[in-house]
Amino acid sequence: MSKRTTLHVVPQSEGWAVRKEGSSRAVSTHHTQREAIDAAREVARSKHGELIIHGRDGRIAERDSYNSDPLPPKSARKVLFHKSLDENTRRAVQEAVDMVVRKSERGTSQHVVPHGKGWAVRSEGNAKSSSVHNTQSDAIAAAKELLRKRDGQLLIHGRHGQIRKISTNGPKSQLGKY
Amino acid sequence: MTRSSKNKIPLSFGSDIFINCPFDARYRRLFNAIVYTVHDMRFRSRCALEARNAGQIRLHKILDIIAECKYGIHDLSRTELDSASGLPRFNMPLELGLDLGCKRYGQPYQQEKVLLILDIEQHRYQKFISDIAGQDIASHSGRVRDVIDVVREWLRPELDPRVVIIPSGDEIWRRYQRFLRALPDICAARHWNRARLGFLDYSAAAAAWITANPL
């Protein structure tokens with residue numbers, strides 16, 4: 001296992017420095033202690049190391065550990081957005097995505113129903129047919145094509161409207177399209 | 001710039017990844033997959049496209065991005081002559097050189113940079129840029145599935161599996177397919193033109209979708 005990284009925030013003649021333990025060279029220098037602490041904390045976090053903050057008198061004033069011993073519960077790291085996105089834009093995008101995800105989780109079932117002398121494809125909750133076909137097999141193919149892009153069930157109705165067959169069609173890969 | 005501000009480590013240095021690759025329609029599917037993988041591994045993508053309309057000299061902006069990113073992905077797969085001009089494009093090797101220079105001559109923390117060089121074939125670079133031998137070079141064969149694996153494997157040692165959940169290449173691939181299926185609806189909801197989706201909007205959509213679909 002590699003040695004744990006320990007970073008010290010120490011005073012120097014002008015401002016503050018961040019030093020890696022065992023190295024005399026400063027990793028970075030800063031005007032204020034706050035800037036030095038922020039910089040050291042970022043490195044300590046990324047290296048799962050330790051941060052030791054010294055006071056003006058050189059004595060240890062504070063200590064923070066970012067190592068994983070004892071093991072904390074496993075979690076996914078925070079998702080990072082581009083820094084140029086302001087909070088309002090980020091929130092608006094998140095709301096739009098949440099809405100799409102919720103809708104997708106519900107799925108949109110497609111019904112193949114009799115329509116005059118032919119057959120129609122109708123989305124669940126939609127009174128209007130999305131397409132009309134001469135044969136039931138053409139309508140089923142069209143419904144499957146719709147379900148290729150979106151999760152949902154395929155419900156095939158008989159001539160008298162009763163549901164004859166239900167199948168769940170998951171969408172297939174669209175690698176070629178992107 | 002004062003010495004102290006030059007030495008200051010940007011707060012996001014350890015999580016930002018500079019992506020240097022072709023930005024044309026032919027490469028788009030690979031670029032989009034790289035951006036998604038970077039975000040699904042919980043890093044942040046940066047690239048020259050964010051420099052547009054910034055009122056800044058493009059090269060200066062690229063230099064700033066390189067300086068702010070610990071990680072760099074450099075795709076050199078586009079070596080053929082441009083069909084319109086009959087000339088090769090040198091932007092990608094130039095930006096790789098800038099990143100290598102930053103790693104070599106930059107601040108101490110920049111010398112910890114981690115770079116990945118991509119090409120379409122494993123050893124082809126030896127025929128046109130042999131001086132980069134010894135760097136971390138991988139091939140993606142022009143395939144989305146492969147580039148996801150390559151980027152994931154490259155980032156994997158940077159994360160501690162005892163602390164964080166690290167998705168497998170297969171998992172990222174499956175999640176990416178789901179994201180692509182949701183993307184048209186996300187674009188519609190945001191009134192974005194799917195065919196002309198810019199980098200910032202695409203990366204925001206990816207990050208938001210990943211937030212809504214945690215590992």
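The chains referred to below are lettered A, B, ... by the order of the sequence lines, with proteins before strands, and numbering in each begins at 1.
- Looking at B:D75 and B:Y27, their side chains do bring a donor and an acceptor atom within 3.5 Å of each other.
- With a threshold of 4.5 angstrom between heavy atoms, A:V79 approaches chain B through its backbone and through its side chain.
- Heavy atoms of A:A26 lying under 4.5 Å from chain B belong exclusively to its backbone.
- Residue B:A204 touches chain A through both its backbone and its side chain, counting heavy-atom pairs closer than 4.5 Å.
- Of the residues considered (A:G15, A:A92, A:A96, A:A36), A:A92 shows the highest number of contacts with chain B, using heavy-atom pairs under 4.5 Å.
- Contacts of A:K47 with chain B are made by side-chain atoms alone, with heavy-atom separations under 4.5 Å and no backbone atom involved.
- Heavy atoms closer than 4.5 Å to chain B are found in the side chain of A:V43, but not in its backbone.
- B:P10 touches chain A through its backbone: at least one of N, CA, C or O sits under 4.5 Å from a heavy atom, while the side chain does not.
- Neither the backbone nor the side chain of A:R45 comes within less than 4.5 Å of any heavy atom in chain B.
- Using a 4.5 Å cut-off between heavy atoms, B:F199 touches chain A through its side chain atoms alone.
- For B:S45, the part lying under 4.5 angstrom from a heavy atom of chain A is the backbone only.
- In this structure, the portion of B:D16 lying under 4.5 Å from any heavy atom of chain A is its side chain and not its backbone.
- Ion pair A:R102/A:D98 not flagged as a salt bridge, since none of the NZ, NE, NH1 or NH2 atoms sits closer than 4.0 Å to an Asp/Glu carboxylate oxygen.
- Using a 4.5 Å cut-off between heavy atoms, B:D201 does not touch chain A at all.
- Relative to the ring axis of A:W16, A:R34 does not place its NZ or CZ within 45° and under 6.0 Å from the centre.
- A distance-only check finds no donor-acceptor pair linking the side chain of A:R164 to the backbone of A:G158 [under 3.5 Å].
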